[in-house]
Amino acid sequence: MWFTGGVGLPHSAGLSAIFVGVVAGIALGTCSGLVPGLHANAFALVLASVASGVPGPPVATAAAILAAATVHTFLDVVPALALGVPDAALAPGALPGHRLVLGGRGREALRLSALGSGAALSLAIPIAVPITEATIHVYPLVRDSLWAVLLAVVTVLVWTEPTLRAKLAAVVTVVAATGLGLAVLDRTFAGPLPVGGVLAPLLTGLFGVPVLLDARHGAGVPPQGDASVATSPQAVSRSIVAGTGGGAFVGYLPGVSAGVAGTLALAVLPGADPDESARAYVTATSAATTATTVFALFAFAGLGTPRTGALVALSSAGLPAGLAVALPVTVVAGIVGALLVPVLGDRVLAAVGRFDQRRLVVGVVSGLVVLSWAFAGGGGVVVLAVAAVVGYVPVRLGCRRVHLMSVLMGPLVLG
């Protein structure tokens, strides 16, 4: 069957090489995950570009790339919470995680993220085989009707906005993001890095730069309270199950992000006050991100379609990516990542709180400009700037930022 394909179980020497690769990958993923604006997919492609020059068996290099990408997806919540925290007066319009940080609940948010990701890891694995079996049978129909499926996703996201004004703002955002995607995604951009492209500056401009610039006049991270989780176990469990279900949807479908899965997951959760909604969003989105990583492994094994940057990197570099190696590596790296989130996150929140917010924002945005140039040259910097302008559309009009993902879904809908 499909899940027995790929490389077989490695011998003892191979296990030693894989262990070294996993340790190296965890170290790399820890460093990259704490770098603001560095997307896991972009980082995986960079690792793949130097894979041929790495000494040792290919399976060890593959393990390092998978482990690095997995740990990165766990730890990137840390800079997401610690940076871009706006002035307290802007709290109602802040990102869900930032609202918790402004309320002194950043340490709780870190633990909710780690809990959501860790639980999704254990929940996704046993259900991935039957879901993949079912997907194999229906995927030809989904592939032929992909535009309709993605159009339905966009429509649902717009419809879940709470007011008519927000729905209209979402439509404007979808149109602007789709136009941006049509303008840049088919163009060739080259930077100093051997493997680059426009995706990193595009997504950084849409989702990162506007958040940071809005925070330049803020007071930064306020003192944080204790790390206790104030949400009931039942509410956390519902968020995890909903996020894992959304992750299954994302893992097999191109063009849809974990943020979209988290938003769709919230639509099926019972209504709550803003703080509870923020907690549910952090938990569900973290669960969706991790579940996507797991389901994408099975999608690659069953459908032959890589859905994450790490799998694209392994495929393009000709490295082994069979489940016999990929799944255990992902599980081990995921466990380590879940443990590192609160340990490192608490320290980062405390350290960022001591910095001058304006200088910090200027430094981070300057770093993002350099990264954009490295990935896509001067054109990448232009894309970063234009994407940042489009990224302000939902902020100024009053709808959710998730509609900006139409930058990928819109062009797919239009063929």
Reported [atom1]-to-[atom2] distance for the pair [X] and [Y], which is rounded to 0.5 angstrom:
X      : Y      : atom1 : atom2 : result
Thr132 : His137 : OG1   : NE2   : 11.0 Å
Cys31  : Ile26  : SG    : CD1   : 12.0 Å
Phe207 : Leu202 : CZ    : CG    : 9.0 Å
Ile65  : Thr70  : CD1   : OG1   : 11.5 Å
Leu66  : Leu314 : CG    : CG    : 5.0 Å
Leu384 : Leu371 : CG    : CG    : 9.5 Å

Heavy-atom closest pair, residues [X] and [Y]:
X      : Y      : result
Ala248 : Phe295 : CA-CD1, 3.3 Å
Phe300 : Pro306 : CD1-N, 3.6 Å
Pro328 : Leu323 : CD-O, 3.4 Å
Leu206 : Ala387 : CD2-O, 3.4 Å
Ile240 : Ala287 : O-CB, 3.9 Å
Ala82  : Val221 : O-CG2, 3.4 Å

Tell me, do [X] and [Y] make a side-chain contact under 4.5 Å, heavy atoms counted?
X      : Y      : result
Val407 : Leu203 : yes
Met405 : Val256 : no
Trp373 : Val369 : no
Arg187 : Val198 : no
Tyr139 : Thr305 : yes
Leu151 : Met409 : no
Val336 : Phe74  : no
Ser372 : Val383 : no

Please determine whether the number of non-hydrogen atoms from other residues, nucleotides or ligands lying under 6.0 Å from atom CG of Asp144 exceeds 12.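 More than 12 within 6.0 Å, yes.
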Take atom CZ in Arg165; do more than 12 heavy atoms of anything else shown fall under 6.0 Å from it?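 It does not: Arg165 CZ has 12 such atoms or fewer within range.
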What residues form a side-chain hydrogen bond (donor to acceptor under 3.5 Å, both in side chains) with [X], not counting sequence neighbours?
X      : value
Ser32  : His72
Gln224 : none
Thr283 : none

Could you walk me through whether Leu146 and Val413 pass side-chain contact (heavy atoms from CB on, under 4.5 Å), step by step? CA-CA 7 Å; Leu146 182 60; Val413 168; over 6 Å; no
Among all residues two or more places apart in sequence or in another chain, which pass the side chain to side chain contact (heavy atoms under 4.5 Å, CB included) test with Ala169?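 For Ala169, the residues satisfying side chain to side chain contact (heavy atoms under 4.5 Å, CB included) (neighbours in sequence not counted) are Leu397, Cys399.
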Going by the rule side chain to side chain contact (heavy atoms under 4.5 Å, CB included), which residues pair with Leu339 if we only count those two or more places apart in sequence or in a different chain?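 Once residues adjacent in sequence are excluded, the partners of Leu339 under the side chain to side chain contact (heavy atoms under 4.5 Å, CB included) criterion are Ile335.
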For a side-chain contact (heavy atoms from CB on, under 4.5 Å) check, start with the C-alpha distance between Tyr252 and Leu303, then their side-chain angles and the critical distance, and finish with the verdict. CA-CA 9 Å; Tyr252 299 94; Leu303 304 174; 4.2 Å; yes
Is there a donor-acceptor contact under 3.5 Å from the side chain of [X] to the main chain of [Y]?
X      : Y      : answer
Arg400 : Leu157 : yes
Lys167 : Val158 : no
Thr330 : Ala326 : yes
Ser232 : Ala235 : yes
His98  : Val211 : no

With side-chain contact (heavy atoms from CB on, under 4.5 Å) as the criterion, how do Arg105 and Arg99 come out once you've worked through the C-alpha distance, each side chain's angles and the decisive distance to 0.1 Å? CA-CA 8 Å; Arg105 304 307 303 168; Arg99 286 204 295 270; over 6 Å; no
Yes or no on side-chain contact (heavy atoms from CB on, under 4.5 Å) for Leu340 and Val78, after CA distance, side-chain angles and deciding distance? CA-CA 10 Å; Leu340 288 175; Val78 175; over 6 Å; no
Identify all side-chain donor-acceptor contacts of residues 114-130 below 3.5 Å with residues at least two apart in sequence or on another chain.
{"from": "Ser117", "atom 1": "OG", "to": "Ser113", "atom 2": "O", "distance (Å)": "3.2"}
{"from": "Ser117", "atom 1": "OG", "to": "Ser286", "atom 2": "O", "distance (Å)": "3.3"}
{"from": "Ser117", "atom 1": "OG", "to": "Thr290", "atom 2": "OG1", "distance (Å)": "3.1"}
{"from": "Ser122", "atom 1": "OG", "to": "Ala119", "atom 2": "O", "distance (Å)": "2.9"}

If the threshold is 4.0 Å, N to carboxylate O, is there a salt bridge linking Glu108 and Arg111?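 Not counted as a salt bridge, because no side-chain N and carboxylate O are separated by less than 4.0 Å.
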